[in-house]
Amino acid sequence: MARKVLILGVNGFIGSSLSWQILTRTDWEIYGMDMSCNKIPHCIEHERFHFFEGDITINKEWIAYHIRKCDVVVPLVAIATPSLYVKDPIRVYDLDFEANMQIVKQCVKYKKRLIFPSTSEIYGMCADKEFDEYSSNLVLGPIPKERWIYSCIKQLLDRVIWAYGAHEGLDFTLFRPFNFVGPKLDDINDAKEGSSRVVTQFIHNILHGRAIKLVDGGKQRRSFTFIDDGVDAIVRIIENKDNCASGRIFNIGNPKMDFSIRELAETLVDLVKTYPDYKHLADKVVFEEISSEEYYGSAYQDVSHRVPSVREAKERLGWEPTTDLRTMLKLTLDYHLLHQDYELNALQTK
Ligand code: UDP
């Protein structure tokens, strides 16, 4: 059956990649809304892609109409950048919680399937070696550590969605991205110091001849996940073969890509040296250690390690990530340094 999928935030990092995979792998229709469309030129031309330029806090009628019209709702509008959790927590709350709760309630009302982005951030400072969807504790710091507002908001959304599933029959799936990285993550030209996610920030710093700042020495670890791998899991969730994803939570991450931030920085610098036009910049780069307090302020608290268990995704979705660190970073650098046409390039190299 051809499905109608509503994607809010369709021009975002996940939304743009998800749309492209849906259009190329399935026969589903996409109804997508976003405030801009710079990341989706290939989708816009497609006959099964219907774009509306709008804002989820304003265009409520368009959204209500399309929730009724579609089979599956994927609300991806959210601020998911740690530096903004400490700089503007109220804005994070208004958008990530208030605006999204309206969408959740309409999915309940119109009995639509909801695929909702939770986050790896939800596990906070959990001590487990691998974070498990059903047994790991969610460990956050004290209230003045404002970094945790995002994690806390997502936790409450997860709990409310779970409750609607258990008590009012909502068909839902929660998915938790673990540090997705890829060509369209953030705009590297916009990556002012401390305003972007780590890979974009480091690329920006290398290209602008600035020091790479290793917060607290860069010992903290993340499991990075290539966007195409991550989105493959989301397509499988929407597909929901034999109801494999209904009422479930999935970590979407790559446990084999567990690296320290310092290792990430070193690999990036190494790779930039392989681009003749940019080698001179990578040769000059310096690493500077900086305390998290100085970099983010006192409202920040870091996560020391973050490795997902992906047993649930393997067993239920038949999913496994395949892209390694160097390939992931190379594809991201190709996009920024050589050409801005990732979809075309991916098609040509298939
Ligand atoms: N980080 C860093 N230097 C930077 C930016 C980030 O050392 O210029 C660190 C940050 O403190 C965190 C990690 O990189 O430990 C990942 O940060 P990111 O903002 O990508 O997101 P997170 O994984 O914390 O959600």
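Excluded from the calculations below are hydrogen atoms, water molecules and symmetry mates; all remaining heavy atoms, backbone and side chain alike, are included. Index from 1, following the sequence. Order of appearance sets the numbers: ligands from 1, and atoms from 1 within every ligand.
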Exercise. How far apart are the closest heavy atoms of Arg68 and Lys112, and which atoms are they?
Worked result: O-NZ, 2.9 Å
Exercise. Is NZ or CZ of Arg176 both nearer than 6.0 Å to the six-membered ring centre of Tyr123 and within 45° of the ring axis?
Worked result: yes
For this session: Would you confirm whether the ring centroid of Phe172 sits within less than 6.0 angstrom of the ring centroid of Trp162?
Result: yes
Problem set entry | Enumerated ligand 1 atoms positioned under 4.0 Å from heavy atoms of Arg306 | 22 (P), 23 (O), 25 (O)
Problem set entry | Under 4.0 Å to a heavy atom of Tyr300 - the qualifying atoms of ligand 1, by number | 10 (C), 11 (O), 12 (C), 15 (O)
For this session: Provide the number and element of each atom of ligand 1 under 4.0 Å from a heavy atom of Tyr295.
Result: 4 (C), 5 (C), 8 (O)
For this session: Pick one of side chain, backbone, both or neither for how Ile261 approaches ligand 1, counting any non-hydrogen atom pair under 4.0 Å.
Result: side chain
For this session: State yes or no: are the ring centers of His42 and His46 separated by less than 6.0 Å?
Result: no
Problem set entry | Proximity to ligand 1 by part of Asp302, non-hydrogen separation under 4.0 Å | side chain
Exercise. Do any nitrogen or oxygen atoms of Val198 lie less than 3.5 angstrom from nitrogen or oxygen atoms of ligand 1?
Worked result: yes
Exercise. Under a 4.0 Å heavy-atom limit, does Asn179 contact ligand 1 with its side chain, its backbone, both, or neither?
Worked result: side chain
Problem set entry | Region of Arg147 that comes within reach of ligand 1 [heavy atoms, distance under 4.0 Å] | side chain
Problem set entry | Arg147 to Tyr85, cation-pi by 6.0 Å centre distance and 45° axis angle | no
Exercise. How is the hydrophobic cluster of Ile90 composed, in terms of its other members, when Ile, Leu, Val, Met, Phe, Trp and Tyr link through side-chain heavy atoms under 4.5 Å apart, directly or indirectly?
Worked result: none
For this session: Any atoms of ligand 1 less than 4.0 Å from a non-hydrogen atom of Val215? List them with their elements.
Result: 1 (N), 2 (C), 3 (N), 7 (O), 11 (O)
Exercise. For Gly218, is the nearest heavy atom under 4.0 Å from an atom of ligand 1?
Worked result: no
For this session: Would you kindly specify which portion of Phe224 sits under 4.0 Å from ligand 1, judged on non-hydrogen atoms: side chain, backbone, both or neither?
Result: neither
For this session: Provide the number and element of each atom of ligand 1 under 4.0 Å from a heavy atom of Gln220.
Result: 9 (C), 11 (O), 15 (O)
Exercise. Which pair of heavy atoms, one from Ile7 and one from Ser19, lies closest together, and at what distance?
Worked result: CD1-OG, 3.8 Å
Exercise. In terms of the angle between their ring planes, are His305 and Phe131 parallel, tilted or perpendicular, with boundaries placed at 30° and 60°?
Worked result: tilted
For this session: Identify, by atom number and element, the atoms of ligand 1 in contact range of Glu121, meaning under 4.0 Å from any of its heavy atoms.
Result: 25 (O)
For this session: Assign the ring pair His66 / Trp62 to parallel, tilted or perpendicular, where the plane angle (0 to 90°) is split at 30° and 60°.
Result: parallel
Seminar exercise, completed: Check: of His204, Arg222, Gln201, Lys213, min heavy-atom distance to atom 3 (N) of ligand 1 comes from Lys213
